[in-house]
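Have a look at the structure below before the remarks.
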Amino acid sequence: MDCASCAGKVEGALDREGVLAVDTRPTSGVVVVTHDPAVIDADALVAAVEGAGYDVADADADTVADDLWRSPRAIATAVGGVFLAVGLALEWFLPGANPLLATVGEGVGVLGPWEVSGASLAYVVAIAVAAPPILRNGYYSLRGLSLDIDLLMSIGVVAALLIDLPFEAATLAVLFSTAELLERFSIDRARTSLRELMELSPDEAVVIRDGEEETVPAAAVGVGERLAVRPGERVPLDGVVREGSGAVDESAITGESVPAEKEPGDEVYAGSINEAGYLEVEATAPAEESTIAQVVELVEAANGEETRAERFVDRFAGVYTPIVVAAAVATVVLGTVVVGGPAETWFVRGLTLLVIACPCAFVISTPVSVVSGVTAAARNGVLIKGGEHLEAAGDVDAVAVDKTGTLTTGELAVTDAVPLGGTDADDLLARATALERRSEHPVAEAIVAYGEGAGEGDGGGRDVDADRDVAGFEALAGKGVRAEIDGETHYAGKPSLFEDLGFDLGHAHVRTDGGTLEGLDGTGEVDESGGTARLDEPEPCEHGEYLDLAGETIPRLQAAGKTVVLVGTEARLEGVIAVADAVRPEAAWAVDRLHDLGIERVVMLTGDNERTARAIGETVGVDEVRAELLPEEKVDAVREIGAESDGGVAMVGDGINDAPALAAADVGIAMGAAGTDTALETADVALMADDLTRLPYVIDLSARAGRTIRTNIGASLGVKALLAAGAPFGYVTVAMAVIVGDMGMSLGVTGNALRLGNVEPAEPPRASESPEASEPLEATPHGTAD
């Protein structure tokens, strides 16, 4: 099964009671049937498909024919070709060796009796050897009332024989069989790329049981068992390293060519290669649920989905084929009756049109392109969940990008802690840590990590005593959190949260004890004395000293690209904590590359404050920044951008927190999806690695795929139209129709589609390649350089 016509016959055969759903995937040679076993069993399903003329292999069988050219059909076609050549030699080059042997059926044939000669006998043998598979498939097509290529070719071969045109019949049988083999070969080349994905996971695993190593099938390994993975071996299942360390090549899953260093506690994926070091891995998922298994399953399913182009081609073929068949009949009848001349001449012209009526080339042009594009993307660490999404990604002219974890690394760290009122720094961090422990927000996690001494900020954290009695925790969507600490309600969140509570952020009293304010990194530099630096000079007032948080401190922190969190109760402010997130080194390059690829708008969407968002937006070069967005406002923003864009909008996020916005976009793209079931299931496109360079690759590959599909369809239709116009006038022979219109175009569109497999992700220039490489780099607030 390798085209939509084949799929239609299989679907028709399975249209019976007890079958709940049929998913045909012609380009991978697979049909997935959901059925009620109480009504119809698997054997009956197999019988139904075989009754439509297709052999059914086991679900785990390889659908790529390694011995295609030694198959019975290939041998029969070769023998038929030899007898066709013998007949041609006798008829045209050795007429003396081609006597008329007999005349059979006087007055029986449509155009008179059949003449039997040495050449005609050779032609008949060629037909007898090469035509049976065509006639068998034509019979099944007729039985299923499917006007497809097999039925048309069968009609052509039989009709040519009936009117004593053995050369035409033999030519049709041999050349069409050759075309079918070449088409299968081309389809197999596309299927091979999928088979390579399937072969990434080893069939066996070395499991450690009772202190002994035992080699078992990977499918027999249970979750929680330990696996031994030596250098040069593939990791058999997804898992976590428990002992050992080494470098693991994860390019098969993430597309990242640089091996990842693995230590105890790090995740590894089935199909990756341990390049150095001995690892003991605890399996975290069975073989059938590994990341690579999910990728293969989703890629296979993607090949069964129809794109807009495929639906157009199917509708067009449904109209085109009957029209050209009718034209073929009209050519024979009207040519003989109205124009006059030998009936044989008009029949041959009608037969030629019958061959041209076969829509194979433009029917396979789109699915082969989709298979090639989707599997090429999977090899480069990008999972595209179907041809529809491949097509849509190539059309978008606007990209909306989440900030945290997408344009930035998402590795937040506390950089400033400014106590206010009578609070000291340790009390401030202790209360903030206690408050944020139950929050899953990345900013909260950074504060907790710092307060527990594990932060990545300056000094590595404070390790304060945050063991407080916390009750009544509540997340305030888009604003912060609230909880009771030691019986008193505390808040941590955006400055706007405290403005709503009635605080005057322009006049916040500070703790003054003759020392400096305890800002950790107030100026972007850490002083040499111990990690503190002055932030702003307090102003005197009748109650001591104060800071203008609203007009000076907060704007300056935000202008440096930092997120500001205030901590306090309903009665007093206790302090300011600033958290920074580093911009990804490749972010600016990725945005520039998107612009080069024709993306007109790149919009950054974030719930962070306006100043921080703009600082990061300017660093990476986005066209527009939309800040302080609640989750539902992100959805509205994506829809608005999509409505303003001619080709639609793609949304890029982490696949979990941004799920509603991803769903609202024409194409939802999730980053860092490897090992994340939610992202794999919900996104239209999943970037397996946490690597923004794959985003331009998706747009580039999709645009190329769209152009390839359009080129294939246009070329196929153009050639068919040209041949159809010339056939009634005798300018096109049967051989030309098969070689150019069928076999030639099928090979042409397939070869053009397979070029998508050569599209590789572009890489940002290394520092040594930069024009400014000889100059020292200036640090920005996010640790990158422009």
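Nothing here was measured: the structure is a model prediction, and the numbers come from that model.
Considering only residues two or more places apart in sequence or on other chains, Glu214 meets the side chain to side chain donor-acceptor pair (under 3.5 Å) condition with none of them. With sequence neighbours excluded, the residues that form a salt bridge (charged side-chain N to carboxylate O under 4.0 Å, His left out) with Arg704 are Asp700. Remark: Glu225 engages Arg209 in a salt bridge (charged side-chain N to carboxylate O under 4.0 Å, His left out) (not counting sequence neighbours). Partners of Ala76 according to the side chain to side chain contact (heavy atoms under 4.5 Å, CB included) rule, which considers only residues two or more places apart in sequence or in another chain, are Val129. With sequence neighbours excluded, no residue forms a salt bridge (charged side-chain N to carboxylate O under 4.0 Å, His left out) with Asp666. For Glu50, the side chain to side chain contact (heavy atoms under 4.5 Å, CB included) partners at least two apart in sequence or on another chain are Val46, Val56.
Within 6.0 Å of CG on Asp203 lie no more than 12 heavy atoms contributed by other residues, nucleotides or ligands.
When every heavy atom of Val667 is checked against every heavy atom of Ala392, the shortest pair comes out as CG2-CB, 3.6 Å. When all heavy atoms are compared, the tightest approach of Ala218 to Ala287 is O-CB, 3.9 Å. Here the closest non-hydrogen pair linking Ser716 and Val749 is OG-CG1, 3.4 Å. Across Val396 and Ala650, no two heavy atoms sit closer than the pair CG1-N, 4.0 Å. Scanning both residues, Met153 and Val355, for their nearest heavy atoms gives CE-CA, 3.6 Å.
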(message) Run Val10 and Leu14 through side-chain contact (heavy atoms from CB on, under 4.5 Å) and show every step you take.
(response) CA-CA 6 Å; Val10 172; Leu14 291 170; 3.9 Å; yes
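Taking the charged nitrogens against the carboxylate oxygens, Asp150 and Arg136 have no contact shorter than 4.0 Å, which rules out a salt bridge.
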